[in-house]
Amino acid sequence: MELKINEMSRLAGVSVRTLQYYDRIGLLPAAKHPGNGYRIYTAQTIDRLQEILLFRSLGFELKEIGTMIGASAYQRLDALKLQRQLTSRRMDELVQLLKTIDSSIEELEEGITMKKEDKFKGMNFRNNRYEEEAREKWGNEKVDEANARIGAKTDAQLGTMQDQMNEMFAGFAQLRHSDPTGEEAVRLTERFYHFLNKEIGSFYNKEVFKGLGQMYIDDERFTRNLDLWGEGTARFMRDAMANYSDHYLK
């Protein structure tokens, strides 16, 4: 199966310009026709575009998508399973939102009084998916410090920071079948520890750093995202961070 760029555009419902941009940044490379140099899209490329657009519809940024899809441990089946889980959760939220709207209509039309706490069910306006939980766990001062540091960075600085984090996540994934107390794991974990304190906040002491690693396992959302790098990455990071905290931090 081979499609021209206009055919691909109609099939996926995205613009030609979008496809050209995806090709230019290396997210969706297209083969070139040997005769005229036009872009050609194969069955494999169609599957890749589906993956990209599914992640986009779930709120992932292009840079995140490119990093995940480009990782050596990336598996299409695992990605689809994750996308299904995230979509199912979104459906649950939308069903609850629909109930809230219906109840509000009934309140106006039939005089049925809603409980005040029911008026906001299904709504979620948090920009940071984990910020409220972080505030509960670590306190407002630490979260405010992290937000201030991140907010002061330029887009270029944020991009560099994300690249560095992705490089470390990929490193942990490559080591995930090794000893989390081994020399390579300790070096990488030390780098991760100092990176967090420099770029995010100076509050990553022994307890907070170890607790963050444990959260990678306790919170299934972190586990799923980290395990996109390779199944077992989150657990390995938890063990490596616990070892570093217990034996190298005061």
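In this text the structure is predicted, and so the values were computed from the model without any measurement.
- For the pair Pro180/Met237, no side-chain contact is recorded, criterion being any heavy-atom separation below 4.5 Å from C-beta on.
- Within the 3.5 Å criterion, the main-chain N or O of Val14 finds a donor-acceptor partner in the side chain of Ser9.
- Sorted by first and then second residue, the pairs that involve residues 49-59 and meet salt bridge (charged side-chain N to carboxylate O under 4.0 Å, His left out), not counting sequence neighbours, are Glu51-Arg76.
- Between Leu27 and Tyr21 there is no side-chain heavy-atom pair separated by less than 4.5 Å.
- Counting heavy atoms from C-beta outward, Asn243 and Thr189 have side chains that stay 4.5 Å or more apart.
- By the salt bridge (charged side-chain N to carboxylate O under 4.0 Å, His left out) test, Lys32 pairs with Asp23, sequence neighbours left out.
- Put simply, the side chain of Asn205 does not reach to within 4.5 Å of the side chain of Leu249, judged on heavy atoms.
- The closest side-chain heavy-atom distance from Thr45 to Thr42 is below 4.5 Å.
- Within the structure, salt bridge (charged side-chain N to carboxylate O under 4.0 Å, His left out) contacts touching residues 232-250 (residues at least two apart or in different chains) are Lys210-Asp246.
- By the salt bridge (charged side-chain N to carboxylate O under 4.0 Å, His left out) test, Asp227 pairs with no residue at all, sequence neighbours left out.
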- Item | Test log, rule side-chain hydrogen bond (donor to acceptor under 3.5 Å, both in side chains), inputs Thr100 and Ser103 | CA-CA 5 Å; Thr100 298; Ser103 296; over 6 Å; no
N/O donor to acceptor pairs below 3.5 angstrom from side-chain atoms of residues 159-174, sequence neighbours left out:
unit_1 : atom_1 : unit_2 : atom_2 : d
Thr160 : OG1    : Ala156 : O      : 3.1
Gln162 : NE2    : Asn166 : OD1    : 3.0
Asp163 : OD1    : Lys63  : NZ     : 3.3
Asn166 : ND2    : Thr67  : OG1    : 3.2
Asn166 : ND2    : Gln162 : O      : 3.3
Glu167 : OE1    : Arg191 : NH2    : 3.4

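- Alongside Leu54, the hydrophobic cluster contains Leu80 (criterion: ILVMFWY side chains under 4.5 Å).
- Between Tyr193 and Tyr244, the two ring planes are tilted [angle within 30° to 60°].
- Lys4 places none of its side-chain heavy atoms less than 4.5 Å from the side chain of Ile40.
- Atom NZ of Lys99 has 12 or fewer heavy atoms from other residues, nucleotides or ligands within 6.0 Å.
- In the hydrophobic clustering of ILVMFWY residues, with side-chain heavy atoms under 4.5 Å counting as a link, Tyr41 and Tyr38 come out apart.
- Between Phe55 and Tyr74, the ring planes are tilted. Angles from 30° to 60° get that label.
- Shortest non-hydrogen contact noted between Gly213 and Met241 is N-CE, 3.5 Å.
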